[in-house]
Structure formats: C-alpha cells, structure tokens
Amino acid sequence: MVLSFEIYSRMCYVLPTFVRSWFGSLDGRFSTAVDRFTSRYVSSGYIAKELSNLQLETSSLEALGMNLRVKTSNQMKNVNAIYSLDDVIIELNITFPENAPLGKIATEHNRVTSIQQNCQAWTLQLVKLLNYNNGTLREGLTKWHKNLDRHFDDFSCMICFSLVLNYQGTKYLPQIQCKTCRKKYHSNCLNTWFKTSQKYECPLCRSAFM
Ligand SMILES: [Zn+2]
Ligand SMILES: [Zn+2]
C-alpha cells in the first residue's frame with residue numbers, strides 16, 4: 001500500500017498530464033478519495049517543487065530579456081510574470097489549484113490594453129502546454145515572452161523603434177500603416193520624416209503615402 005502511494009506521488013511529479021487525464025476518467029467515489037489524498041499529501045510538495053524549479057531558472061529566464069520579471073509565491077501557489085516595454089505593462093498570473101496536479105492550472109492576464117485578443121490566444125497556448133503537454137513553467141513563460149517580443153517588434157514604429165511615443169504629455173501608439181509593406185509608424189514620426197525627406201513615401205518600402 002505504502003509503495004503504491006509512493007509510486008503515485010512519483011507519477012504526479014514526473015507525468016502530471018498523464019495523472020490528470022487518468023484522474024478525469026475515475027468514478028465518483030474513487031475520484032473523491034484520490035482528490036483528497038493528493039490535496040493532503042502530494043499537492044503542496046508538488047507545487048513547491050515546480051515553483052523552486054522555476055526560481056532556479058528565473059535568473060536565466062530574466063536574462064532572456066530585460067523586460068521580464070518573474071515572482072513566485074509558495075503561499076499563494078502562484079507565479080506572477082510582468083512584461084514591460086516602454087510604457088506598456090502586461091501581467092500574467094499562473095495559479096496552481098489546491099489539488100495540483102489533478103486540477104487545471106489557471107492563467108490570467110492583467111493590465112492588458114491594446115492587445116487583448118492576442119493575449120487570449122497566448123494564454124490558451126500556455127494553458128494547453130501546462131495542462132495537457134507536460135510543459136514546464138519555464139517553457140510556458142519563455143514562449144509567452146517570445147510571443148510578446150515578436151508582437152511588439154511587429155508593432156513598433158519603424159522610425160523611432162519604440163512602441164509608445166510620449167508627445168506633449170500624451171502617449172501614442174504607432175497607428176499609421178503603410179498599405180504596401182504593412183509597417184506601422186507614429187503619425188508624428190512620419191510627419192517629421194515627410195518634412196525632412198520632402199517626399200510622401202514610406203521610409204522602408206518607398207511606396208507613396210496617399
Ligand atoms: Zn515613432
Ligand atoms: Zn511601406
């Protein structure tokens with residue numbers, strides 16, 4: 001009996017996705033017993049291990065980009081990741097359920113402004129990786145971070161290379177898009193460019209702006 005509990009605990013650590021889907025197939029009473037046993041004897045150790053793995057890797061994770069900060073809390077059973085670029089701040093919370101790894105890991109974005117829809121897609125990707133593909137927190141956060149970097153690379157102004165332009169106390173996103181190459185510009189940056197070059201052309205592809 002003790003041995004099978006030991007094996008079960010090891011399985012939770014090594015193959016959480018497998019254990020989760022096995023748990024999903026159990027009948028009511030047995031399912032309740034497994035849930036109770038896991039919550040009482042396995043979950044806090046499992047969560048602590050996942051979080052400490054992430055903490056060990058956090059320095060290398062943050063080294064991936066200066067714009068990422070990761071905090072973990074054993075007490076709250078969660079991870080808080082903050083991505084910041086210029087004035088844009090995006091916050092991601094990943095919370096383990098009380099009966100981890102049986103229940104699903106929840107993710108939530110805060111402080112998201114203009115990219116709500118993309119964030120939902122990336123959250124889904126993260127949820128899939130963490131809950132169904134035995135993905136580690138580090139893999140999930142690295143992917144999340146890369147998605148944001150790629151997104152903002154595509155959306156930054158191609159003249160000043162920033163996302164947010166502070167002009168006379170107001171913040172602007174690049175909203176003027178070239179119809180040919182699809183690159184975006186702050187209207188201020190583009191006007192300055194038109195004046196300097198004395199041509200109404202896209203700085204990148206040289207096609208005419210109407
Ligand atoms: Zn600009
Ligand atoms: Zn263009």
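Fair warning: this is a prediction, and the values are worked out from it, not measured in the lab. When a ligand or atom number is given, it counts from 1 through the structure's own listing order.
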Could you tell me if the side chain of [Y] sits less than 4.5 Å from the side chain of [X], heavy atoms only?
| X | Y | value |
| --- | --- | --- |
| L54 | V79 | yes |
| I105 | V127 | no |
| F23 | T38 | no |
| Y185 | C202 | yes |
| C160 | H186 | yes |

- prompt: Which heavy atom of Q125 sits nearest a heavy atom of N147, and at what distance?
  reply: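 Taking every non-hydrogen atom into account, OE1-ND2, 2.8 Å.
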**Asked** Under 2.8 Å from the Zn ion (ligand 1), which protein atoms of type N, O or S occur, listed by chain and number?
**Response**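 As for protein N, O or S atoms lying under 2.8 Å from the Zn ion (ligand 1), they are C157 SG, C160 SG, H186 ND1, C189 SG.
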task = Check for a donor-acceptor pair, side chain of S31 on one end and backbone N or O of L26 on the other, with a separation under 3.5 Å.
result =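 Side chain of S31 to backbone of L26: no pair is present.
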Worksheet item: What protein atoms of element N, O or S are positioned under 2.8 Å from the Zn ion (ligand 2)?
Response: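 Listed by chain and number, the atoms are C178 SG, C181 SG, C202 SG, C205 SG.
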query: What orientation do F96 and Y46 show, parallel under 30°, tilted 30 to 60°, or perpendicular over 60°?
result: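 Perpendicular, since the angle between the ring planes exceeds 60°.
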* Determine the interplanar angle of the F194 and Y200 rings, folded into 0 to 90°, and report it as parallel if under 30°, tilted if 30 to 60°, perpendicular if over 60°. =>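 Plane angle between 30° and 60°, so tilted.
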